[in-house]
Amino acid sequence: VPQTALKVDLEGNAYDILIGPGLLAEGGARLAPVLPSKKICVVTDETVAKTYLLPFMKSLEASGFSACPPVILPPGEGTKSFEKLQYITDKLLSYRLDRKSALVALGGGVVGDITGFAASIVLRGMNFVQVPTTLLAQVDSSVGGKTGINTAQGKNLVGSFHQPKIVLIDTGTLKTLPPREMKAGYAEILKYALIDRPDFFGWLDASAAALLAGDAAALSHAIRESCAAKAAIVAADEREEKDLRALLNLGHTFGHALEGIGGYDGRLLHGEAVGIGMKMAFDFSALLGLCPPADAARISAHLEKIGLMAKPPFPVAAKDMLDRMRGDKKNANGKLTLILAKGIGKSFIAKDVDENRLMDYLKGVPWNST
Ligand SMILES: NC(=O)c1ccc[n+]([C@@H]2O[C@H](COP(=O)([O-])OP(=O)(O)OC[C@H]3O[C@@H](n4cnc5c(N)ncnc54)[C@H](O)[C@@H]3O)[C@@H](O)[C@H]2O)c1
Ligand SMILES: [Zn+2]
């Protein structure tokens, strides 16, 4: 499988996404041309560090980078906190980095989100590089420049926009990713197909099994297609101001509510919540008469076929769900905004969703506890 490149076309902030096996070992050589300084610091988590930190550090050294001691965080969603953010910023300042230095996120979306946020606030903004190692991070979180941490009020409520200088996607790192994490990442791939790429859905329906089994060609194609889809939306609406980028939230308002109810304790992964959330968005769209019921049924069948979770592994009360959905960042003037669909590949931003009808739908979901 050859390496390929894509461009995220942002005015003043354009950057490349390189995709393919073996990129980690070429890290230094790939970063050198796009960074203004050889001072660099890698942030990662303990799990990723075990396998990938040493080869990456070696590649940096081989290209003449002067790397600070890496910052190694505990793995898991709990790391996206103010406490760990301060831990990172304290380290960076103690290393006496300057604005031209770069901060590299080597890991999944958790490492990428908190490292990107740190890079955006230390010294009012340092250079940032994404080296995503989970499928979810490779197809979603490493592209687009959203960074952030979680608070008691919910996920990603504190953060910034800070674009990377380059994204290095070494598809070889997926060989060690647990199957459950692969499926969770797959949910975000499916998202792009359901938003506006019906042909991609057809391809996925035929190829998902091979992809999830680690087929290199299928993975590369799906990652490239996903990054291209995300890059196109981000280039057209970098800061979610034009009623476009919000489409990427398909399944996420339902999903974030479920994640919040679960308490981020590992029972329900982000991608799993998004999978359930997309099914809910289509089922609700069908109930409203917006979407053919057959399209909603195809999605349920697809999720079942690939073995993505169809319902949360804990009880959910309809009222709790609605309360949490009301707190979503997309809502304006007290009106509920959701991403709904007129069919597979025909998603749209629905403003002013009727809360009574949503409540009726939520109460009717078979696994709902009330
Ligand atoms: N910024 C964005 O635009 C955006 C988009 C989507 C999701 N996110 C965020 O991403 C986060 C989820 O990211 P994630 O699913 O990558 O989770 P994660 O970063 O927690 O990684 C999942 C697990 O896999 C391990 N891991 C990582 N790479 C591995 C590898 N190659 N082999 C073996 N194990 C590996 C990690 O240590 C971790 O235990 C959430 O916090 C979510 O909010 C952000
Ligand atoms: Zn997501």
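Computed from heavy atoms alone, side chains included, the values below leave out hydrogens, waters and symmetry copies. Predicted model, so just to flag it, every value in this text is computed and none were measured. Counting convention: from 1, in listed order, for ligands and their atoms alike.
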message: For the CD atom on E46, are there more than 12 heavy atoms of other groups (residues, nucleotides or ligands in this structure) within a distance under 6.0 Å?
response: yes
message: Is the ring pair H256/H252 parallel, tilted or perpendicular, if the boundaries are 30 and 60 degrees?
response: perpendicular
query: Which option out of E272, Q130, R180, E181 puts a heavy atom nearest to atom 23 (C) of ligand 1?
result: E181
query: Identify the closest protein heavy atom to atom 42 (C) of ligand 1: which residue and atom is it, and at what distance?
result: K155 NZ, 3.5 Å
message: Counting only heavy atoms closer than 4.0 Å, does ligand 1 sit against the backbone of E46, its side chain, both, or neither?
response: neither
- prompt: Does the separation of the ring centres of H302 and F201 fall below 6.0 angstrom?
  reply: yes
message: I'd like to check which ligand 1 atoms, numbered from 1 as shown, lie under 4.0 Å from a non-hydrogen atom of V48.
response: 26 (N), 27 (C), 28 (N)
- prompt: Would you say G109 and ligand 1 have an N/O pair spaced under 3.5 Å apart?
  reply: yes
- request: Classify the contact between P75 and ligand 1 as side chain, backbone, both or neither, using a heavy-atom distance cut-off of under 4.0 Å.
  value: side chain
Heavy-atom nearest neighbour in the protein, as seen from atom 25 (C) of ligand 1, with distance rounded to 0.1 Å: T47 CG2, 4.4 Å
message: Test of geometry: compute the angle NE2(H270)-the Zn ion (ligand 2)-OE2(E188) and round it to 10°.
response: 90°
message: Using heavy-atom distances only, which candidate in L177, V274, D140 approaches atom 6 (C) of ligand 1 most closely?
response: D140
message: Given T133, V110, L106, identify the one with the heavy atom nearest to atom 28 (N) of ligand 1.
response: T133
- prompt: What do you reckon, does K230 put a non-hydrogen atom under 4.0 Å from ligand 1?
  reply: yes
- line: atom 37 (O) of ligand 1: closest protein heavy atom, distance to 0.1 Å, is D45 OD2, 2.7 Å
- prompt: Is a side-chain donor-acceptor pair under 3.5 Å present for E83 with S81?
  reply: no
query: Among protein heavy atoms, which sits nearest to atom 21 (O) of ligand 1, and what does the distance come to when rounded to 0.1 Å?
result: T134 CG2, 3.6 Å
message: Closer than 2.8 Å to the Zn ion (ligand 2): does that hold for any N, O or S atom in D140?
response: no
- line: In this structure, atom 7 (C) of ligand 1 is nearest to the protein heavy atom L136 CD2, 3.6 Å
- prompt: Should you measure from each heavy atom of T176, which atoms of ligand 1 turn up under 4.0 Å away?
  reply: 30 (C), 31 (N), 32 (N), 33 (C)
